[in-house]
A.B. asks: 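After the structure tokens below, expect a handful of questions from me.
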Amino acid sequence: MTFIAKPKVSHPGLPKNKLGLTSRDYEGVVSTLCAGCGHDSVTAALIQAVFELDIEPHMLAKMSGIGCSSKTPAYFVSQAHGFNSVHGRMPSVTTGANAANRDLMYIGVSGDGDSLSIGVGQFVHAIRRNLNMCYVIENNGVYGLTKGQFSASADIGSLPKKGMPNQQEPIDPVSTALSLGATYIARSFSGDKEQLVPLLKGALLHSGFSLVDVISPCVTFNDHEGSTKSYAHTRQFYNHVVNVDYIHPSEEIKASYAEGEAMPIHLHGGDTIILRKVDGGYDPTSRAAAFKYLRERFNAGEITTGLLYVNEAREEMHELMGNSDTPLSKIPLDELNPGKEELKKIQNRYR
Amino acid sequence: MTFIAKPKVSHPGLPKNKLGLTSRDYEGVVSTLCAGCGHDSVTAALIQAVFELDIEPHMLAKMSGIGCSSKTPAYFVSQAHGFNSVHGRMPSVTTGANAANRDLMYIGVSGDGDSLSIGVGQFVHAIRRNLNMCYVIENNGVYGLTKGQFSASADIGSLPKKGMPNQQEPIDPVSTALSLGATYIARSFSGDKEQLVPLLKGALLHSGFSLVDVISPCVTFNDHEGSTKSYAHTRQFYNHVVNVDYIHPSEEIKASYAEGEAMPIHLHGGDTIILRKVDGGYDPTSRAAAFKYLRERFNAGEITTGLLYVNEAREEMHELMGNSDTPLSKIPLDELNPGKEELKKIQNRYR
Amino acid sequence: MATVNDVVIKIGTVNGTGSASANGLLRKSIFRMGVPVVGKNYFPSNIQGLPTWYEIRVTGDGYQSRSNRVDVMVAMNAQTYAKDLADVATGGWLIYDSTWPRSRQLDRDDIMVMGIPFSRMCNEHFDGARARILMKNIAYVGAIAALLDIDLDIITSLIEETYAAKQKLIVSNMEAIRLGYDYAMEHYSCPLPMRVEKMDATEGHIVIDGNTAAGLGCVYAGATVGAWYPITPSTSLMDAFRDFCLMYRHEPETDKRTYCIIQAEDELAAIGMVLGANWMGARSFTPTSGPGISLMSEFIGFAYYAEIPAVIFNVQRTGPSTGMPTRTQQCDIVSCAYASHGDTMHVLLFPGDPAECFDMAVQAFDLAERLQTPIMVLSDLDIGMNDWMVPELEWNDDYVPDRGKVLDAEELEKMEQFYRYLDVDGDGIPYRTLPGVHPKGAYFTRGSGHTKLGAYTENSDDYQDVVDRLLVKWETTRTLVPEAEIRYSAFNKAAILTLGSGDGACKEALDRLEAQNVGLNYCRVKAFPFTDAVRDFIEKHDVVYVVEQNRDAQLRTLLINDIDADQNKLVSLLHYNGMPIHAGFVVEGVLAEIAKGRAA
Amino acid sequence: MATVNDVVIKIGTVNGTGSASANGLLRKSIFRMGVPVVGKNYFPSNIQGLPTWYEIRVTGDGYQSRSNRVDVMVAMNAQTYAKDLADVATGGWLIYDSTWPRSRQLDRDDIMVMGIPFSRMCNEHFDGARARILMKNIAYVGAIAALLDIDLDIITSLIEETYAAKQKLIVSNMEAIRLGYDYAMEHYSCPLPMRVEKMDATEGHIVIDGNTAAGLGCVYAGATVGAWYPITPSTSLMDAFRDFCLMYRHEPETDKRTYCIIQAEDELAAIGMVLGANWMGARSFTPTSGPGISLMSEFIGFAYYAEIPAVIFNVQRTGPSTGMPTRTQQCDIVSCAYASHGDTMHVLLFPGDPAECFDMAVQAFDLAERLQTPIMVLSDLDIGMNDWMVPELEWNDDYVPDRGKVLDAEELEKMEQFYRYLDVDGDGIPYRTLPGVHPKGAYFTRGSGHTKLGAYTENSDDYQDVVDRLLVKWETTRTLVPEAEIRYSAFNKAAILTLGSGDGACKEALDRLEAQNVGLNYCRVKAFPFTDAVRDFIEKHDVVYVVEQNRDAQLRTLLINDIDADQNKLVSLLHYNGMPIHAGFVVEGVLAEIAKGRAA
Ligand SMILES: Cc1ncc(C[n+]2csc(CCOP(=O)(O)OP(=O)(O)O)c2C)c(N)n1
Ligand SMILES: Cc1ncc(C[n+]2csc(CCOP(=O)(O)OP(=O)(O)O)c2C)c(N)n1
Ligand code: SF4
Ligand code: SF4
Ligand SMILES: [Mg+2]
Ligand SMILES: [Mg+2]
């Protein structure tokens, strides 16, 4: 959503990935978001993640709804198709696209308004299907694009720029996803690229639905004192429980980790991620325990971040259905057609 | 939704409530559901609950969406207004009605399709507002009225009458409501009136959003072997953790209860309910603990029932907003109108 | 009045009691005698316990609509006995279950009432409540066979086919047939003067419902992604698609599925999935009914503007709102044509019978991809769920699907730069690319303002350029949609114009009017936008009776709006009580207008 | 060409830089000089950093629409300098910030370009980045004041009023005004030949936007429940309602709220809440825009059929789909009139300016309750968010709200039995009851088939009875909606017909055409269905130019469909590029038609 195409200058010194591309090749058009908007940092992290994962740009599909956050797919990987749908309905479009072509990698970028208000039904059901996608919520507690109304993720007591504090129970995407059985659940902060990039990489490689809830402050409408989604508040109450490292398949898993401190998770595609627990007591493979922990830390005012739950065992949508490995969109139509003779035969039942 | 008006025969021997009405006065038209449908038992339990609570029939509003379950408001309390809205949208209509008149008691009857598929967004947000209503889900794991498709509450592995077992993660209304902060959450079974009636009474009296998730078997499409929402399966895996007794305000709370075994909960309106824990370790006042317990019992194959969570502290929608105690619909329009002089004054700012 | 092969049989039962297979048996045996039939279901929006009817019109003339008459009523439902009795035409017959006595008041002098103790007989001969109920149904088939002279051998072979694997059931079914048959033969003079006689008018035909045919059409069109939310009366369309996919759509080596059916969480999601899949290059569709269209309308407008193919089947039911879900109407014409806010117009196809549901399913996918826009197939409950005799479905193995203007990797490689919304060919249809094919094909799909190059815009001229080009596409569309069915005779200055399921009733009416020396020409439109032939047709006549099944003359509205049809010529005949239209309504309507002074 | 009080000033800035208050100050000071003004905002769908414009038309003649001309351009945004330069009319002026040098290519010979070093001056005089940016805006107001001869005293008093509580800000603002003012006086010959001069034409008027006026109207109508989901350009309507409620709607004793605003989770929920509240007897409304209407359509059809009052404000924006959210159009006319599947028709009101937004808000609630149906007020971005000079809003304290046919407890007590959908009075409007009033009032509200008694039905006659009665109600509606504004002169056989925000441009065009000896009559419809006067009006003319702001001639469609207006008379003039329509478009359109041989 911009008028200005970024000039493509070649920087010979830039590092290249396996495909011979530089991170510049994963950029999009110039952002038109407010200077300092958290969403732009998420964009940068996404660019870094797909660059580092050596993803072919055109094998990526960038999906979104409507909102400042939903504009961001224009700001990364210009050589990937993008689909800026209607407000709150990105999950269904992604479901259909994925049903048609399971070979692409799907990144959905959404906002807290887009996902938790108008779009919460589709969000819930994409989780239920274990749709193979990386779902990023750029969570700022407000509707940025319509100028600052509270969203459903606003915390009780959070102050708006003017007016009364929010009184309604927030919807926390992480605990909602936990209660619904999402298979990769992370929370992070746009201001912490070091944590965010590996979480995104794990999410992209995870087979099934991966949620990355990123606190991404809105500098224009929700970054003041009293806001619980501001840069300052998030930094202050940040509680980082599980680090994740991404190990490239070609790399050896060098260290061996003491039980309870780090655990390797082998992903479907052959990749591995290593979880390092900062809080030894936390178990990111138990829905029951994770929920309880998160709730307790929430009550204590903390924002728990990191890879909070992962379940590699559950099959994603196509596997659950027993669908062809060939993308449905690539099967020639004449192979799908039973032909003239069959049509004759089958009609016997209608006589 | 029936053609036959029930004959009003007077039964002089029937017990009367404080209003001098018999349970017959709380009936509706003859049900047109299938013989044996769980929903009819829920209707009976509702009739008993409102009769025993001495509710004036016309001070009740009966709300529903679309489905076999959503037809049931026609089958109880003919002297109450009913609103059979569109599929999945009962919560919003109830929100508006309640906003307009907080004096009525709102019973919403919905199905698992109505509430967890098309209607899940409205379900979630009614909880978020702590809308003062009693929300009953007649949960049968299928779409009855459209002839037996799986609903979102169908369990993994549950068998349909014909075809493949369900593969998708179920949405459990109870744990979803817990993750969202509903303030009264119960689960019961249409086949257990003794448990169900007091749970409904508590739900009706609770100030705020009360959910009663009732497993209500569909005899026509989902009561066969292999179904996890059948009468047989439910009876077999039934795990009743918290009983509730309703104490009429006029009655004295006679016994004193040992800590951990029973606890009185004082409701807003002056009523009291007594929770009796069957499983001493269960804490129905902690969201974190309740979730963990439910998840663990679910993994063990059990269906946990009873009053599973209650929070009397949180204010319902009108209180949160600071709204007038007088129903808004009853304030005469001329009191709402600032008048000619004010209009003159206020326009100075537009010059 | 003795008649042959012109009789209407109506059977009243209670739903949930399994009468459907008995009724099917009866209908099929007549069909196998070579006699055309029409089968209509009138069922409640309920699962069990309420009245339901099945009506079989035996029509040697091969008419396709219902008749508004009942000759032989089988009143198996005590609850509706009085109504059923009243419905029988003078001179007709009523059969009831005489196991229980019947009140004397419930009688008519002008018809013949026949009691047959179905329940008693079945209770004596069969064990178990369920079997007794089911066999009672089969028994009335036997009785009707005797009364109408239906070939018992055909019935027998049908039963044998059906229960080929269950020998026991063949025996019991045949026994039940015999019970009814013998009782009727013994107590009444069989056959009745209205009876069935073998003929040779069903060769090359089948009896099928439109939803089944449409589902089959989707398989043949190569649709792979079906997304839907259950709603009456469209549900059986997806059921059929699934059933045929189970037969035909598994990879031979792996047995994996080459289709993907997603039961969406609601209609908003269903259409979103369809758009996602079509955008990705799969042929994808959704069946729904009125309420679903309302819910889909935001996305339909998106697809119009972002130019994404989609196929939507709207099996219309009686509106507005929830309306009567098990009754028919053609009431969503305007709401589909202009679905969504803003300036939008959508292509509609109007199948007239199940055979056209099959054909148009295929055409819909071709048009959707050719035109890059949603195509809505407007069927209705009458076509979708009733049993129509139609010519055998045909398939040409030379069929080449029209994928429209899709650039492949090679073409993209050769291009300097791809622009999504350029009108390269002057037909208003731009080129598109599929994701995952080539990095040069990438563009940003959006429902917000865009230039012809595909960039975001808030500039007035750039915006207008694109929406004006959509009008060019609309005119191209007019040349590609299926042509109307037109029957001309140079002499008639008046005509009937209809659409969809109005066809049968109108054609029968034409014959009847002709017999009264009222000659009329005929046009059945098959698509919106309307073709030039439709425009010409209206221009050539002084009066055009527009026959449609809705209250608000929605087709007439489109005719005026789309092709500026002369409002003074278009006289509406509107049938909208939820029952399928019948010829009598049209005949009376036309005659009444003529009586008022309207030209024939 | 020296002119007085006929000049268009356009200011180009970057959004998010706080120019709104400076622009408001400029507009208000001209207004306080007694000179009519029109203020238009052209802003991007973005929060910060993109180009935005404010346009002030100084119109001594009191015209209400924009002019398509720019006389004085203040080009503060370097990014759009080239475009802004190109937009100035020959003979006009362009002011730019000469702090930074400007490329020689960017020049025109036919206008006068004036550089004023706003940034440099402000950087010298003020501290802090924010203050410098804001003061730069105020400084250009000072410069324009000098150039156009705007009264400095008025500017001073406006600044004093605004910052009454913040003395410091008064000083700095006045300083900034002085900087611009003095620089202009010193470097350019002030005033310009196009200038502003005091007159007396704003007495009894205000300048207000339509959303504010509509929000105020809802307060005066006694609305208590507002439910909404934010969407541009309707958001400020609910903001206004909230602001006025904060002023006027608290119980004196308890300070508790006598209103309830619910930010819904989406538009489907918003309309559901509105129906629930109205059903319960509260006056309830929702503001939205096109996409919201699409999402509400299922419920709108429900309300039509179940007969529930509702008030919906649709502040239209450019469609289809997301379209251009910050541009205007009248493109939802058809989709609102026939929203939802099935046979439905909805009452629409078309305010022509903010004053009518206020009045029609009140009328909408009265009509909704009288007619028991949704009333949609179709405003648009131009009316809703721009600054219009209108007569002061009036209120009559004798106003008695029309609650329609609502039975109270006493009446119910006396009745034998209450039936919800009986046409007791023959006007097609049944009686209703409110929950909680009396047990005898209870009935079951449903969107499924129902009889006139209120019972569920699947019976054809009972169903049809109710939908036919709704047509009777529609005819009653026609007699109750606001009458069109009509200007007749017996001599003209041609006329202009428009709606809503087309009013200003059309009236101005009438004057201009008159000046060219082309006399035309005028009709501005204010509601759908159309009144008899509209029917008469069209009948009396040979040609009616239908001026509307959409591509597909939607108003024309309704005129033909609703009152069978003669299609041959209705000639469309369509303006749909997202900018508000202007008189020149209408004048040229009419003249072009006349040139083609069309009657004047
Ligand atoms: C159907 C519909 N309703 C309302 C809108 C207006 N709208 C645009 S974005 C938005 C909210 C965006 O909030 P969020 O998703 O949190 O994104 P953010 O701007 O905060 O990143 C709304 C309400 C719309 N575009 N479509
Ligand atoms: C918009 C819309 N879509 C679909 C339907 C069709 N429909 C009616 S009821 C129903 C599902 C009902 O399931 P549930 O809520 O579980 O109720 P049950 O019949 O099982 O009690 C559906 C899909 C509808 N009425 N409206
Ligand atoms: S308004 Fe907020 S969310 Fe939107 S771009 Fe600006 S800072 Fe980001
Ligand atoms: S279909 Fe199932 S849910 Fe519906 S009435 Fe019958 S038993 Fe009950
Ligand atoms: Mg947000
Ligand atoms: Mg159900």
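Values below: all heavy atoms of this structure, side chains included; hydrogens, waters and symmetry mates excluded. Convention: sequence-line order gives letters A, B, ...; per-chain numbering from 1. None of the values given here were measured: they were computed from a predicted structure.
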A.B. asks: Pick one of side chain, backbone, both or neither for A/Ala99, based on which atoms fall under 4.5 Å of a heavy atom in chain C.
C.D. replies: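 Both backbone and side chain of A/Ala99 come within 4.5 Å of chain C.
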A.B. asks: Checking C/Asp366 side chain against C/Asp402 main chain: does a donor-acceptor pair fall under 3.5 Å?
C.D. replies: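 A pair under 3.5 Å: yes.
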A.B. asks: With a 4.5 angstrom heavy-atom cut-off, is it the side chain or the backbone of A/Glu335 that approaches chain C, or both, or neither?
C.D. replies: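 For A/Glu335, there is no contact with chain C at all, as no heavy atom is under 4.5 Å.
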A.B. asks: Where does A/Leu328 contact chain C at under 4.5 Å (heavy atoms): side chain, backbone, both or neither?
C.D. replies: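 Both the backbone and the side chain of A/Leu328 come within 4.5 Å of chain C.
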A.B. asks: How about C/Tyr259 and C/Arg249: does a side-chain donor come under 3.5 Å of a side-chain acceptor?
C.D. replies: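 Note: C/Tyr259 and C/Arg249 side chains miss the donor-acceptor criterion.
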A.B. asks: If I measure from the heavy atoms of chain A, does C/Phe31 come under 4.5 Å with its side chain, its backbone, both, or neither?
C.D. replies: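 Contact with chain A involves the side chain of C/Phe31 alone.
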A.B. asks: Below 4.5 Å from any heavy atom of chain A, which atoms of C/Val400 appear? Answer side chain, backbone, both or neither.
C.D. replies: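 Neither part, no heavy atoms under 4.5 Å.
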A.B. asks: In terms of heavy-atom proximity below 4.5 Å to chain A, should C/Ile308 be classed as side chain, backbone, both, or neither?
C.D. replies: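 Contact with chain A: side chain only.
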A.B. asks: Kindly give the heavy-atom pair with the smallest separation between C/Ala227 and C/Val274, and that separation in Å.
C.D. replies: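 Heavy-atom minimum between the residues: CB-CG2, 4.1 Å.
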A.B. asks: Which bit of C/Ser284 is near chain A, if near means a heavy-atom gap under 4.5 Å: side chain, backbone, both or neither?
C.D. replies: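 Neither the backbone nor the side chain of C/Ser284 comes within 4.5 Å of chain A.
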A.B. asks: Look at C/Leu275, C/Asn459, C/Asp387, C/Thr433 and state which one has the largest set of heavy-atom pairs under 4.5 Å with chain A.
C.D. replies: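 With the most close heavy-atom pairs to chain A, the winner is C/Thr433.
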A.B. asks: Centres of the C/Phe241 and C/Phe285 rings: under 6.0 Å?
C.D. replies: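 For C/Phe241 and C/Phe285, the ring centres are under 6.0 Å apart.
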A.B. asks: Hey, what do you get for OG (A/Ser110) to NE2 (A/His87), rounding to the nearest 0.5 Å?
C.D. replies: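 Rounded to the nearest 0.5 Å, the OG-NE2 separation comes out at 8.5 Å.
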A.B. asks: Considering only heavy atoms, which portion of A/Met63 lies under 4.5 Å from any heavy atom of chain C: side chain, backbone, both, or neither?
C.D. replies: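 For A/Met63, the side chain is the part near chain C, not the backbone.
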A.B. asks: Chain A heavy atoms under 4.5 Å from C/His250: which part of the residue, side chain, backbone, both or neither?
C.D. replies: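 Neither part; nothing is under 4.5 Å.
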A.B. asks: Going by atom types alone, do A/Tyr75 and A/Thr32 pair a side-chain donor with an acceptor below 3.5 Å?
C.D. replies: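 Their side chains do contain a donor-acceptor pair, which is all the 3.5 Å distance test asks for.
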A.B. asks: Flag the pair C/Tyr456 / C/His450 as yes when their ring centroid distance falls below 6.0 Å, and as no otherwise.
C.D. replies: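 C/Tyr456 vs C/His450: aromatic centres not under 6.0 Å.
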A.B. asks: Do C/Glu369 and C/Arg283 have side chains that approach each other closer than 4.5 Å (heavy atoms only, starting at C-beta)?
C.D. replies: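 Yes. Closest side-chain heavy atoms under 4.5 Å.
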A.B. asks: Can you find a heavy atom in the side chain of C/Ile312 that is under 4.5 Å from one in the side chain of C/Ile300?
C.D. replies: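 In short, these two side chains touch, coming nearer than 4.5 Å.
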A.B. asks: Which heavy atom of A/Glu319 sits nearest to which heavy atom of A/Ser207, and what is that distance?
C.D. replies: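 That closest heavy-atom pairing would be OE2-OG, 4.3 Å.
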A.B. asks: Below 4.5 Å, heavy atoms only, C-beta onward: do A/Leu145 and A/Lys71 meet side chain to side chain?
C.D. replies: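 Touching, per the 4.5 Å side-chain cut-off.
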A.B. asks: Given a strict heavy-atom distance threshold of 4.5 Å, which part of C/Tyr220 is in contact with chain A: side chain, backbone, both, or neither?
C.D. replies: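 Both backbone and side chain.
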A.B. asks: I need the contact set between residues 51-60 of chain A and chain C: heavy-atom distance under 4.5 Å, sorted by residue number.
C.D. replies: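 So the qualifying residues are A/His58, A/Met59.
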A.B. asks: Which region of C/Ala221, side chain (C-beta onward) or backbone (N, CA, C, O), has a non-hydrogen atom less than 4.5 Å from a non-hydrogen atom of chain A, or is it both or neither?
C.D. replies: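 The backbone, not the side chain.
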A.B. asks: Taking side chain as everything from C-beta outward and backbone as N, CA, C, O, which of these in C/Phe358 sits under 4.5 Å from a heavy atom of chain A? Side chain, backbone, both or neither.
C.D. replies: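 It is the side chain, since no backbone atom gets that close.
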A.B. asks: Which region of C/Glu203, side chain (C-beta onward) or backbone (N, CA, C, O), has a non-hydrogen atom less than 4.5 Å from a non-hydrogen atom of chain A, or is it both or neither?
C.D. replies: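 No part of C/Glu203 comes within 4.5 Å of chain A.
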A.B. asks: How are the rings of C/Phe302 and C/Phe299 set relative to one another: parallel (under 30°), tilted (30 to 60°) or perpendicular (over 60°)?
C.D. replies: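 Rings of C/Phe302 and C/Phe299: perpendicular, as their planes differ by over 60°.
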A.B. asks: At a 4.5 Å cut-off on heavy atoms, which part of A/Pro73 comes close to chain C: side chain, backbone, both, or neither?
C.D. replies: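 Contact with chain C is through both the backbone and side chain of A/Pro73.
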A.B. asks: Based on non-hydrogen pairs under 4.5 Å, which of C/Asp255, C/Leu434, C/Leu216, C/Thr212 is most in contact with chain A?
C.D. replies: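 Heavy-atom pairs under 4.5 Å are most numerous for C/Leu434.
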A.B. asks: Between the side chains of A/Ser31 and A/His39, is a donor N or O closer than 3.5 angstrom to an acceptor N or O?
C.D. replies: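 Absent: no donor and acceptor within the cut-off.
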A.B. asks: Name the region of C/Met389, side chain, backbone, both or neither, that has any atom closer than 4.5 Å to a heavy atom of chain A.
C.D. replies: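 Interface part for C/Met389: neither.
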A.B. asks: For chain A, which of C/Ala282, C/Gly449, C/Ala306 has the most heavy-atom pairs under 4.5 Å?
C.D. replies: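 With the most close heavy-atom pairs to chain A, the winner is C/Ala282.
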A.B. asks: Is the closest side-chain heavy-atom distance between A/Val50 and A/Val77 below 4.5 Å?
C.D. replies: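 Yes, at least one pair of side-chain atoms sits under 4.5 Å.
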A.B. asks: Once you measure the plane-to-plane angle for A/Tyr135 and A/Phe209, does it fall in the parallel (<30°), tilted (30-60°) or perpendicular (>60°) bin?
C.D. replies: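 Tilted.
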A.B. asks: For A/Arg128, is it the side chain, the backbone, both or neither that has a heavy atom under 4.5 Å from a heavy atom of chain C?
C.D. replies: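 Neither; nothing under 4.5 Å.
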A.B. asks: Would you mind telling me which of A/Asp103, A/Asp325, A/Thr94, A/Ile331 has the largest number of heavy-atom pairs within less than 4.5 Å of chain C?
C.D. replies: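 Highest number of pairs under 4.5 Å: A/Asp325.
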A.B. asks: Does the side chain of A/His206 pick up a donor-acceptor pair with the side chain of A/Thr183 at under 3.5 Å?
C.D. replies: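 Yes, because at least one side-chain N or O of A/His206 sits under 3.5 Å from a partner of the opposite role on A/Thr183.
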A.B. asks: At a 4.5 Å cut-off on heavy atoms, which part of C/Glu251 comes close to chain A: side chain, backbone, both, or neither?
C.D. replies: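 C/Glu251 touches chain A through side-chain heavy atoms alone.
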